[in-house]
Amino acid sequence: MALSDLSMQSLLTTNKKYNEEANTLAQKITRMTRERHAKWLVSLKYILDQSDVDSTLSRQSEFCDSVIKKEEERITDNQRILLKCESERVEERRLAVEERQKVVMSVVSDIAEHAQSYMCQKLAEMSVLQLFGRFPDFSYFSSIAYSPSLTFSKLSVLTTNDNQLKSNVLELVNNPKFCQRIGKSPRSIQDPKVAIGTIGIDNCCLLLPILMAKPLLKWHDPVTKSIAPKLWQHMVLTANVTRIRLEQTESKLPQQGILLGVLRTISHFAIVNHFSLLFEDAQVAKLQWYRESNLREEYYACGEVAPDLSILPNVIHKLELELTRKVVDAIEWTPFTIPMRNALEEDLDGVPVLERSDAGVALAQAQAYAMFDTLDRSNAFVDKHKPFWFANVQMPPDALQTIRDMNPGRIGLSK
């Protein structure tokens with residue numbers, strides 16, 4: 001590592017050398033906290049604290065504050081099979097309540113175990129396009145956004161080729177609260193080039209990766225709608241804190257932190273997006289197996305099994321690194337943007353923080369902060385673990401309070 005890298009990194013890290021016992025403990029607590037965070041994401045007990053959420057970027061108000069009444073009916077072959085099972089079930093003689101409960105619990109456990117294995121297998125086999133249904137042109141964005149020759153025309157190519165991004169840009173620039181944040185008077189804008197000009201080049205470099213990722217998360221699935229706002233806030237926090245940490249190193253391109261954080265976290269979107277359908281597929285597979293095996297009680301019990309969110313933390317824990325590698329590999333990196341890829345790979349490979357580039361350090365610390373912040377606001381972070389959690393990413397204690405005072409859940413924009 002070059003001397004210049006070391007001097008820059010010293011602004012980010014404590015540069016402390018810990019003994020083997022301390023390192024082992026810190027790593028153990030890190031694993032425990034990551035598992036706790038994954039459980040927090042899917043737990044219905046915890047609702048996201050909205051006090052540091054950027055409401056102009058989140059879709060929380062659309063889907064999570066009221067009952068969804070616009071769900072399209074989706075009757076699939078799987079559902080027909082399940083409905084048929086239910087109709088057959090009610091015609092059969094009911095078992096004694098106590099015995100039936102034992103059967104149901106056994107079936108719930110059996111289906112959950114199969115669903116977890118099935119989800120891991122299917123998601124691991126999917127391409128990036130299959131994982132997300134679409135994939136924004138992060139390659140083009142990264143190739144132009146951090147260049148000194150960036151122009152509004154180059155940015156407008158993104159909205160020309162991506163209708164969902166175009167809609168999100170226009171929606172944002174016509175939002176009076178957003179206009180107030182950037183010091184502009186609200187007016188009706190329908191031309192995406194004018195919208196980009198209104199937002200400004202510097203703000204576009206910060207906001208476009210987030211707006212490009214916005215359609216990738218399903219907010220409307222009734223099974224996972226409580227999870228979506230937590231996933232979204234985790235992405236925004238990771239992205240913005242990576243940028244903030246790079247700014248604190250006086251990096252020439254701190255705005256790259258936003259894209260780094262987005263790319264590092266969107267694998268969570270894919271896992272949760274596919275949960276309902278893959279669980280249903282696994283449930284039907286077990287139902288058919290019970291029928292073929294003449295296990296009639298178990299077969300009829302399948303109709304009573306609801307999607308089991310408790311398997312999701314394990315799926316996230318097992319797959320998020322692998323799926324993030326697919327995201328990184330799907331992007332065409334240029335010689336100019338290779339340092340960004342290197343920072344992502346440092347994180348995926350678990351390179352010790354003191355051996356990373358400044359962007360790799362910032363990304364590690366941002367993830368640690370994002371998990372801590374949301375858990376802490378829900379009173380779900382184990383306070384005595386705090387020194388070890390941040391020691392593992394070499395984050396100075398004073399940096400933590402500085403970042404929290406900046407309300408990093410909201411993207412700071414220039415006027």
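Here the structure is a predicted model, which is why all the values come from computation and not from measurement. Hydrogens, waters and symmetry mates play no part in the numbers below; they use all other heavy atoms, side chains included.
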Would you call Asp373-Arg377 a salt bridge at under 4.0 Å N-O?
yes

Is the closest side-chain heavy-atom distance between Ile271 and Leu123 below 4.5 Å?
yes

With no hydrogens and no angle check, is any side-chain donor or acceptor of Ser142 less than 3.5 Å from a backbone partner on Ser139?
yes

Any idea which heavy atoms bring Val353 and Ala364 closest together, and the distance?
CG2-CB, 4.3 Å

Pick out which of Arg36, Lys28, Arg34 makes a side chain to side chain contact (heavy atoms under 4.5 Å, CB included) with Met32.
Lys28

For Gln180, does the CD atom sit with more than 12 other heavy atoms under 6.0 Å from it, leaving out its own atoms?
no

Are the side chain of Glu304 and the backbone of Val104 linked by a donor-acceptor contact shorter than 3.5 Å?
no

Considering all heavy atoms, the nearest Pro313-Ala38 contact:
CG-O, 3.8 Å

Walk me through it: do Met235 and Ile210 pass the test side-chain contact (heavy atoms from CB on, under 4.5 Å)?
CA-CA 9 Å; Met235 183 198 74; Ile210 294 173; 4.0 Å; yes

Straight-line distance of His317 NE2 to Arg31 CZ, nearest 0.5 Å
8.5 Å

Taking the side chain as everything from C-beta on, heavy atoms only, tell me whether Asp162 gets closer than 4.5 Å to Leu158.
no

Is the shortest side-chain heavy-atom distance between Leu253 and Phe336 below 4.5 Å?
yes

Dump the intermediate steps for side-chain contact (heavy atoms from CB on, under 4.5 Å) on Ile199 and Phe178, then the final yes or no.
CA-CA 9 Å; Ile199 295 171; Phe178 176 77; 4.0 Å; yes

With side chains defined as the heavy atoms from C-beta onward, is the minimum distance between Phe135 and Val327 less than 4.5 Å?
yes

Dump the intermediate steps for side-chain hydrogen bond (donor to acceptor under 3.5 Å, both in side chains) on Thr238 and Gln367, then the final yes or no.
CA-CA 5 Å; Thr238 303; Gln367 290 177 85; over 6 Å; no

Check this for me: does any side-chain nitrogen of one of Glu35 and Lys39 sit under 4.0 Å from a carboxylate oxygen of the other?
no

So Asn174 and Ser188, side-chain hydrogen bond (donor to acceptor under 3.5 Å, both in side chains) or not? Walk me through it.
CA-CA 6 Å; Asn174 286 305; Ser188 179; 4.7 Å; no

Shortest non-hydrogen pair, Phe275 vs Pro307, comes out as CE2-CB, 3.8 Å

Provide the full list of salt bridge (Lys or Arg N to Asp or Glu O under 4.0 Å) pairs with a residue in residues 114-131, sequence neighbours left out, each pair given once.
none

Give me the atom names and distance for the closest heavy-atom approach of Ser58 to Val53.
CB-CG1, 4.0 Å

Asn407 side chain vs Asp52 backbone, donor-acceptor pair below 3.5 Å:
no

How about CG on Leu321, more than 12 heavy atoms from neighbouring residues, nucleotides or ligands closer than 6.0 Å, or not?
yes

Looking at Phe269 and Phe132, what are the two nearest heavy atoms and their distance?
CB-CE2, 4.4 Å

If the plane angle is over 60° it's perpendicular, under 30° parallel, otherwise tilted; pick one for His268 and His234.
tilted

Check: Val328 main-chain N/O paired with Trp333 side-chain donor or acceptor under 3.5 Å:
yes

With no hydrogens and no angle check, do the side chains of Trp40 and Thr374 hold a donor and an acceptor under 3.5 Å apart?
no

How about Asn392 and Thr30: does a side-chain donor come under 3.5 Å of a side-chain acceptor?
yes

Return yes if a side-chain donor-acceptor contact under 3.5 Å exists between Ser143 and Thr334, otherwise no.
no

Side-chain touch Leu263/Ile331, heavy atoms, less than 4.5 angstrom:
yes

Go through Asn273 and Leu217 one step at a time and tell me if the side-chain contact (heavy atoms from CB on, under 4.5 Å) criterion holds.
CA-CA 7 Å; Asn273 287 349; Leu217 177 60; 3.9 Å; yes

Quick one: does any side-chain atom of Thr151 pair with a main-chain N or O of Lys154 as donor and acceptor, under 3.5 Å?
yes

Are any side-chain N or O atoms of Trp389 and backbone N or O atoms of Ala368, one a donor and one an acceptor, separated by less than 3.5 Å?
yes

Interatomic distance, CG@Leu131 vs CD1@Ile266, rounded to 0.5 Å, equals 9.5 Å

CD1/Ile244 to OG1/Thr402 distance, rounded to the nearest 0.5 angstrom?
10.0 Å

Taking Gln130's backbone N and O only, do any of them form a donor-acceptor pair with His274's side chain (distance below 3.5 Å, no angle check)?
yes

Does any part of the side chain of Met395, heavy atoms only, come nearer than 4.5 Å to the side chain of Ile403, both counted from C-beta?
yes

Full working for side-chain hydrogen bond (donor to acceptor under 3.5 Å, both in side chains) between Asn175 and Thr56:
CA-CA 8 Å; Asn175 183 321; Thr56 57; 5.7 Å; no

dist Ser226:OG -> Leu48:CG (nearest 0.5 Å) comes out at 11.0 Å

Indicate yes or no: at least one non-hydrogen side-chain atom of Val241 is less than 4.5 angstrom from one of Gln365.
no

Quick check against the 3.5 Å criterion: does Asn240 have a side-chain atom that pairs as donor or acceptor with the backbone of Arg410?
yes

Hey, are Asp347 and Arg356 close enough for a salt bridge, meaning a charged N less than 4.0 Å from a carboxylate O?
yes

Going by salt bridge (Lys or Arg N to Asp or Glu O under 4.0 Å), name the pairs with one or both residues in residues 180-202, residues two or more places apart or in two chains.
Asp54-Arg181

Just grab all the salt bridge (Lys or Arg N to Asp or Glu O under 4.0 Å) pairs involving residues 317-344, residues at least two apart or on different chains.
Arg264-Glu320, Arg325-Asp349, Asp329-Arg341, Arg341-Glu345

Is the ring pair Phe372/Phe390 parallel, tilted or perpendicular, if the boundaries are 30 and 60 degrees?
perpendicular

Measure across Arg134 and Leu216 and return the closest heavy-atom pair with its distance rounded to 0.1 Å.
O-CD2, 3.7 Å

Please determine whether the number of non-hydrogen atoms from other residues, nucleotides or ligands lying under 6.0 Å from atom CE of Met105 exceeds 12.
no

Got a donor-acceptor contact below 3.5 angstrom from the Glu355 side chain to the Pro352 backbone?
no

Taking side chain to side chain contact (heavy atoms under 4.5 Å, CB included) as the test, write out the residues that go with Ser147, two or more places apart.
Ser149

Looking only at side-chain N and O atoms, does Gln401 offer a donor or acceptor that is under 3.5 Å from a partner on Asp405?
yes

Contact list for residues 380-391, test salt bridge (Lys or Arg N to Asp or Glu O under 4.0 Å), sequence neighbours left out
none

Are Ser414 and Asn203 packed together at the side-chain level, in the sense that at least one heavy-atom pair is separated by less than 4.5 angstrom?
yes

Pairs of donor and acceptor atoms involving the side chains of residues 109-117, under 3.5 Å and at least two apart or interchain, shall be tabulated with distances.
unit_1: Asp110; atom_1: OD2; unit_2: Lys286; atom_2: NZ; d: 3.3
unit_1: Asp110; atom_1: OD2; unit_2: Tyr290; atom_2: OH; d: 2.5
unit_1: Gln116; atom_1: OE1; unit_2: Asn314; atom_2: ND2; d: 3.4

Any side-chain to backbone donor/acceptor pair from Lys214 onto Leu57? Under 3.5 Å, distance only.
yes

